[in-house]
Amino acid sequence: MMKTWISLPLIFLLIFLPFFLSQYWLHVMIISLFYVMMASSWNLIAGYTGQISFAHAAFAGVGAYVSGMLAVNIGIPPWLGIFVGTFVASLLGVGLGYLCIRMGGIYLSLTTLGFSEILRIIITNEDRWTRGTMGLQIPGFFTEYSKMSYYFLFLIVSAVFLFILYRLIHSEMGLSFRAVLNDELAAASSGIDTIRVRILAFTISSAMAGMAGGLYGHYLMLITPDIPSLGQMFLVLAMAVIGGMGSFIGPILGAFVLEVLSEYIRIYGEYHVLLFGLVALGVARFAPEGMVGVIKKRWKVKESP
Amino acid sequence: MGRIVGSVLLAVILSMTSWALAQDTIKIGVVGPRTGPAAATGKAFEEGIAIALDHINAKGGVLGKKLEVVFEDTGGVPEKAASAFEKLATRDKVPIVVGESHSSSALAEIEVANRYKVPFIICEAWHDDITKKNYRWVFRAGPVNSGVVDFYIAPFVKENGFKKVAIVRENSDWGAGIAERTEYNMKNFGLPFVTLKVERESKDFYTELTKLKGENPDIILAYIYGTGLHFFVAQANEVGLSPKSLILDGAGPPSLWDSFWKNVGKAGDLELFISSMHEKVHLTPTSRKFWEDYKKKFGKDPSDYKTRSIYNVVLIAADAINRAKSTNNEAIVEALEKTNLEVTTGIVKFGLKQGSYEYHQWMPPMLVVQWQDQKQVVVFPKEAATGELKRGR
């Protein structure tokens, strides 16, 4: 009951807000929604099954480049292209997951880190196809450029993502996700195929990253190796950690707060990623449940007399 | 206590906003790299802008208002450049944007300029396509690859009788474009050449240099922009390739940055570079005024010619707004098309014939300069030469 009271006005706000925003803030909102998709889907593997993957931005890059290159070279419309991109990302997700999830822990992180760098280097150097650091100009979704249309496209896809994630987390599968997170051995001994559960989570999350990347690319209409870069990855990580890993609202909150904040501290250039990294580190150490955890604690203190 | 702090804060904020409102200004946008491998260009731009603003505001500003700039960093990265331009267009709502010194960034920015219909004067992005796309909103008052190669680099190579040419180009739009044009010219001359592609941010060129040593060229045209050029020059000397094979820096500014001599040491002697500025070459009175104003403000001689390029485009933008008598985009473009303004490198008139890169294009005369005992000697074209080309042994 409480939840509907909060979410109804929020939905109204998100639908009517764009009519009052300038082009610039609309842009910031669109980018925020991209990060909502990224951070929330990363949270599915990191927050709910405890596997820290560094390949999330790389999967977004796969989605963006597959769809973008299909559009530029063969003229496949972006609407179709992003599904191909999503499919390729999920295939790579299964492959990478199958290869390294058995190892678990730090090895997964290292392997995904390697994968992400390899992908970035390939995109940078194969500039005959990808145009490398020069950036590939790709078509957008709409014949007439309109930020409003992009906003609603991003809003709808984010809502669908969040709905899927919510249902997943609150299903039986979500229960096994958390069981694996809490105690892998105990989960395995109570009949959960831990490897299967992890690969499944990894694949879903990679596919989502692929689609988010495709949308992002066709919105910017220019893709560069910056999309699958580690800088982008750390930003997503910081959003999830600062917002609150392992909670549903956390990454959403983190994405909006950090994206809006980074608009203000852009003048410091690359340092904002460093700053977010440091804050994320502090949060992980002192408030592991992130902003959501802090808010919840306050709430409880106030409620109890 | 909290209330007092709060009210003081409020008062401060209010006074600041009213002060900001009282200042009647016109803001124009600038894009350029303030971070990344060509951050020195951002510095050069800042200096040039400062002098241009002093000059314009001393003469009463623009439309009776003070002229200011909003300088957005591109980091030399196309997607950042596009978003920087977008911010200037949508957040700051500037009537015109000037600047840029990377072709890949400029090619991304002109799409945004075209989308938001914001006039854009580019000063130092050389790729032909920037003006060849014939966008109504895009102008360039600066060098263009085909012009630089056809009128300066290729004739320089031919007239000095070089027998074998090596082209080393970075993987950027500028690098690809200028190398292609050079190859075209060399083929026409019937001169043998070899082309190598290098990574834009590379610091290690030993592999390429070893290959080059086998080719034994007598001139190396280095199309590398950024500190990478410093490594290239130093390492070419280290492997014993230069100065026997002379190196020509096809962009110029990296050979003029303060860090050049620190990074290359003795290897910098006899290195050649393209420039549009020399202490002794003043084509217009504005050029002299720029030189004096710069010395007065910064207490040294200007070195990077891009300081002067940005100075020129700020002047052109201010002049266009004044003649348009408004900040309306259509009016500004019409005024720009009628530009007839003396800047430091000549009299600016934009090409109006559509169909080629010459549309909305004006190119300043360039020079080929050689470092001789850490002194800049103009060696080409002959009319402007201040000395003879020295060959290495």
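- Residues A:Asp226 and B:Lys80 are not paired through a salt bridge, judged by the lack of any N-O separation under 4.0 Å between the basic side chain and the carboxylate.
- Both the backbone and the side chain of B:Glu79 have a heavy atom closer than 4.5 Å to some heavy atom of chain A.
- Shown here is B:Lys27, whose NZ atom has no more than 12 heavy atoms of other residues, nucleotides or ligands within 6.0 Å.
- The environment of CZ in A:Phe19 is crowded: more than 12 heavy-atom neighbours from other residues, nucleotides or ligands sit within 6.0 Å.
- Counting only heavy atoms from C-beta outward, the side chains of A:Met221 and B:Glu111 never approach each other to under 4.5 Å.
- Few gaps surround OH on A:Tyr145; more than 12 heavy atoms of other groups in view lie less than 6.0 Å from it.
- Pairing each heavy atom of B:Pro78 with each of A:Gly135, the nearest pair is CG-N, 4.3 Å.
- Atom CH2 of A:Trp129 sits in a sparse spot, with 12 or fewer heavy atoms from other residues, nucleotides or ligands closer than 6.0 Å.
- The minimum heavy-atom distance linking B:Asp173 with A:Met134 is given by the pair N-SD, 3.1 Å.
- For the pair A:Thr124 and B:Asn171, the tightest heavy-atom approach, listed with the atom from each and the gap, is O-ND2, 4.1 Å.
- More than 12 non-hydrogen atoms from other residues, nucleotides or ligands lie less than 6.0 angstrom from NZ of B:Lys197.
- The environment of A:Phe83 atom CZ is sparse: at most 12 non-hydrogen atoms of other residues, nucleotides or ligands sit within 6.0 angstrom.
- Atom CZ of B:Arg91 and atom NE2 of A:His27 lie 10.0 Å apart (nearest 0.5 Å).
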